[in-house]
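Note sheet for the following structure.
The shown structure was predicted, so the numbers you read here are calculated from the model rather than taken from an experiment.
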Amino acid sequence: MKRRDFLTAGTLAASGALLTSRLAFANTTTQGKSRFVFIILRGALDGLAAVPPVGDPDYAALRRDLAMPTNAVLPLNGTFGLHPSLGFLGESYTARELIVFHAIASPYRERSHFDGQDVLENGYVRAHAAQSGWLNRGLTAIPASRASSAELGVALGQNIPLVMRGPAAVTSWSPSKLAALDEDTIERITDLYSTDPLLAARLADALAADAIADTPAMSADTMNDAGAMKDAGAKTAGAAGVDPASTLAPRAKPDAARYGGARYTEVIHAAAEFLRRDDGPKVAVFDTTGWDTHANEGAAQGQLAGRLAALDAGLRTLKEQLGPVWNDTAVLMATEFGRTAAINGTRGTDHGTATAAFLVGGAVRGGRVIADWPGLSNRALYQGRDLMPTQDLRSVVKGVMEEHLLVPTRALDTTVFPDSGAVKAISGLVRT
C-alpha cells in the first residue's frame, strides 16, 4: 500500500479505597464552557484491533486469527473501521463528534509499560525526566484573568496520576468500598471531630465533595434553581496533589456495574457531577487498565472485545450524564504504546510501538480519520514487527490545548512539552 494521507469526512475532598480506575479532574481557567477529558488506557491498546485497517492488503495475512472481515467492523472509510464493540464511538463518528488518529505514538520507542506511561504523562521525550505532568503544567499556563474558580482541579481515585502532578493545586475524591454511612453515624463523627480544627475541616471538605459527586443527575436549570451544587466545596491539595490527612471515604450509591465493577460506574456519575458545575473543574483525567493482551486477545469477541465494550459504555454514560455540557467537551483517549502487528504464539500480541488514539465529544470537529498510513508490509513495519509511528501524539494534545483550553503556543512548546517547538499542533480539531 502506498503511504498517503487520510483526512476523511464521514469520524474525576476525600480519599477512599483502591480503584481499578483512577479519575482526576482539574479546573481550566476558561470562564467559558470548555471541558477536556484525558483518558489513559494503561497496558498498551492494540490499535490494529480497535481500529482495524481492513482495507490494507497485508492486514488479514499479518493478523491471521485476530483479523476481522470488512463486514464485521463499523465502517469509517475505505481503509479503516472500528471494532464492533465500539458502538457509541461509531455513532459519534457518524454524528461528526469523533476523530480517529492512527499510526500515532508518544516520543517513547522502547517497550516498558512503566517507562512508556511515564513519558506519556510527563511530557518529555524520556522517562523520569520530571516529577510533574504536562496537563498540570498546562493549567498553570492559562491566564489567571480567565480563572472561574479558586480550585484548579479534583482527582478521583486513590492517587493523582503523574500527568496531573505539579505546581497547580488539585483536590481529590474517591468512591468507597465501605457501606454508606447513615446520618446518625455522620453526626457522631462530626461531634467527635469538632474538638480538633484540622479534623473538623477535613471532614467538612470530605462531606462537601461527596455532596457534589452524590447529587442525582438533573438539568442545569434545576441545579441553579435548587442551589444543589452551590454550597459544595472541594478540598485543595498541595502542589503535588497529595493530601494524606484526608481519611474519610465518601459515601457511595453505585448502580449497574458495566466496567470494573459498580465503583467504576460511581466514578463516571461523580465525574459528570463535578464537570457539570459552572464553578467546578473543567478538565478530567480518566485512567483505566487491562489493555495488556499478551494471550487470548480475541477478535470480534473475546477479552479485548469485552474491555472495548465496557470503555465504550462508560463513554456513553458520561455523555448522558453530562447532558448539554457534552457539547462543550473534548475527550482524548491514548495509551503508552501499541502492540505487535503480528499475532504471537498465545493468540495475543506483544508490546509494540504505534497505535490508535481517539478524540470524541460535542466540541470535536469529527467525522474524520487522521492518519499518515505507513502500511503493513514487512518493509513498512517498525523494526520489522510494529506499526510504524508516523504521527506524534503531542501534536494532537497541543492542538486541543491551544484551541480548546487557550494555552498559549509558546507555553506548549517550552513548558507543557519542553523543547518541542518542532512538533506542530494540529489545528481545527475542536469547534472554536
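Panel note: side chain R339, backbone T349; a donor-acceptor pair is recorded below 3.5 Å. Side-chain atoms of E121 never come within 3.5 Å of backbone atoms of G133 as a donor-acceptor pair (strictly under, hydrogens ignored). Remark: side-chain polar atoms of R42 are not paired, donor with acceptor, to backbone N or O of W291 under 3.5 angstrom. The main-chain N or O of A422 is never found under 3.5 Å from a side-chain atom of K424 such that the two would form a donor-acceptor pair. Here the side chain of H83 pairs no donor or acceptor atom with the backbone of A50 at under 3.5 angstrom. In terms of modelled atom types and a separation under 3.5 Å, the side chain of N136 and the main chain of A168 share a donor-acceptor contact. Counting only distance, with no hydrogens or angles, the side chain of N122 and the backbone of Y124 share a donor-acceptor pair below 3.5 Å. Between the S85 side chain and the A305 main chain, a donor and an acceptor come within less than 3.5 Å of each other. The backbone N or O of L405 sits nowhere less than 3.5 Å from a side-chain atom of S34 that would complete a donor-acceptor pair. A donor-acceptor contact shorter than 3.5 Å is absent between the side chain of Y108 and the backbone of D118.
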Output side-chain donor-acceptor pairs under 3.5 Å for residues 425-432, partner residues at least two apart or in another chain, one line each.
residue, atom, partner, partner atom, Å
R431, NE, G362, O, 3.3
R431, NE, V364, O, 3.2
R431, NH2, R96, O, 2.8
R431, NH2, V364, O, 2.9

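With contacts defined as side-chain heavy-atom distances shorter than 4.5 Å, the pair F337/S106 does not qualify. In this structure, the side chains of F88 and L86 stay at 4.5 Å or more apart for every pair of heavy atoms. Side-chain contact check for V285 versus V37: every heavy-atom pair is 4.5 Å or farther apart.
Remark: Q303 pairs with no residue by the side chain to side chain donor-acceptor pair (under 3.5 Å) rule, at least two apart or across chains. Considering only residues two or more places apart in sequence or on other chains, Q131 meets the side chain to side chain donor-acceptor pair (under 3.5 Å) condition with none of them. Under the rule for a side-chain contact (heavy atoms from CB on, under 4.5 Å), the partners of R109 that lie at least two apart in sequence or sit in another chain are A105, T353, Y382, P389. Residues passing the side-chain contact (heavy atoms from CB on, under 4.5 Å) test with T70, sequence neighbours excluded: V54. Listed by chain and number, the residues in a salt bridge (Lys or Arg N to Asp or Glu O under 4.0 Å) with D413 are K398 (sequence neighbours excluded). Partners of A411 under the side-chain contact (heavy atoms from CB on, under 4.5 Å) rule, at least two apart in sequence or in another chain, are A141, V407, P408. Taking R64 as the reference, I343 meet the side-chain contact (heavy atoms from CB on, under 4.5 Å) condition, with sequence neighbours excluded. Judged as a ring pair (Phe, Tyr, Trp, His ring centres under 6.0 Å), and not counting sequence neighbours, the contacts of H102 are F80, W373. In this view, H128 and D115 satisfy the side chain to side chain donor-acceptor pair (under 3.5 Å) rule, not counting sequence neighbours.
Taking every heavy atom of both residues into account, A380 and P374 meet most closely at CB-O, 3.4 Å. Closest approach of A130 and L162 over heavy atoms only: O-CD1, 4.3 Å.
By the 4.0 Å N-to-carboxylate-O rule, D46 lies too far from R307 to be salt-bridged with it.
Listed by first and then second residue, the salt bridge (charged side-chain N to carboxylate O under 4.0 Å, His left out) pairs that reach into residues 295-306 are R63-E297, sequence neighbours excluded. The side-chain hydrogen bond (donor to acceptor under 3.5 Å, both in side chains) pairs that include a residue from residues 326-337 are E97-W326, H113-E336, Q117-E336, where partners are two or more places apart or lie in different chains.
Side-chain contact annotation: S132 with R137, donor-acceptor N/O pair under 3.5 Å present. Judged by distance alone, the side chains of H294 and N344 never bring a donor and an acceptor atom under 3.5 Å apart.
In this structure, E320 places its CD atom where more than 12 heavy-atom neighbours from other residues, nucleotides or ligands lie under 6.0 Å away.
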